[in-house]
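Taking it in order: structure first as structure tokens, then the write-up.
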Amino acid sequence: MNKRDFIKTTAAASAIVAIPSIITSCTSEKKGDDDQVKNIVSSKFEQLELGYKYDALEPFIDARTMEIHYSKHHAGYVKKLNKAIENHPLKGNDIYNVLANLKDDNNDDFLRNNAGGHYNHTLFWDIMTPHKSSSPDSKLMEAINSEFDSFDNLIGAFKKAALSVFGSGWAWLILNRSGKLEITTTENQDNPLMKNITETNGNPILGIDVWEHAYYLKYQNRRSEYIDNFIKVINWEKVSEKLIL
Ligand code: MN3
């Protein structure tokens with residue numbers, strides 16, 4: 001089996017079980033010696049700290065947008081997620097299991113919007129950086145060349161997808177269930193981990209928020225310019241780490 005076939009064969013399985021380390025949303029805590037066996041699980045989802053200051057991505061993403069986006073929008077999703085999960089059968093699961101088991105059913109809408117909102121934004125903060133020198137590692141570059149022929153083609157296709165989202169949503173670069181890179185889009189706060197809901201499934205390694213709240217203060221209706229500038233702050237080292245083959 002050559003390397004490429006090996007990657008294809010193994011990635012389909014690992015894509016399902018691999019748990020990227022970006023979210024520690026379910027904390028296990030031991031409640032004293034007597035309860036150690038029980039390993040009480042608290043279903044409290046928490047917002048991770050931003051790895052840089054609000055103004056760190058200037059002039060590409062402005063400080064005011066970052067502050068409102070992180071401290072109001074994302075914080076709001078986390079608060080509502082904790083409320084939504086409280087009386088839901090999926091209580092006690094980590095975010096990946098929650099997303100994977102959501103149903104396309106009105107009863108799950110409140111949890112769906114807020115679990116998606118939490119996961120999506122956690123990924124979004126993580127894959128941006130003030131340091132502009134990053135580039136895909138050799139493994140990711142090989143996968144990009146294999147599926148898109150070139151890095152420039154990938155960027156072009158990603159931008160086109162991000163522009164195509166009608167209304168609020170996200171564009172993604174994912175490792176799909178066949179172990180291949182694929183670009184896809186979702187509405188609202190859906191994402192490709194919601195396998196019962198979205199048509200295209202897989203593990204996101206890159207995502208762009210194209211809700212107006214992500215860019216309107218600085219860019220107004222100029223989504224294209226926002227996308228170009230987002231691309232300039234992508235943390236390709238982090239994106240490369242998320243490609244678990
Ligand atoms: Mn947002």
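Whatever order the structure lists ligands and atoms in, that order sets their numbers, starting from 1.
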Any idea how Y226 and F230 line up, ring-wise: parallel (<30°), tilted (30 to 60°), or perpendicular (>60°)? tilted

Angle between ring planes, H73 versus H69, binned at 30° and 60°: parallel, tilted or perpendicular? perpendicular

Among the N, O or S atoms of D209, the one nearest the Mn ion (ligand 1): OD2

Which angle, to the nearest 10 degrees, do you find at the Mn ion (ligand 1) between NE2 in H121 and NE2 in H69? 90°

Got an N, O or S from H213 under 2.8 Å of the Mn ion (ligand 1)? yes

Yes or no on side-chain contact (heavy atoms from CB on, under 4.5 Å) for E142 and N145, after CA distance, side-chain angles and deciding distance? CA-CA 5 Å; E142 191 183 332; N145 288 332; 6.0 Å; no

What I want to find out is whether D105 reaches R112 closely enough, with some N-O distance under 4.0 Å, to be called a salt bridge. no

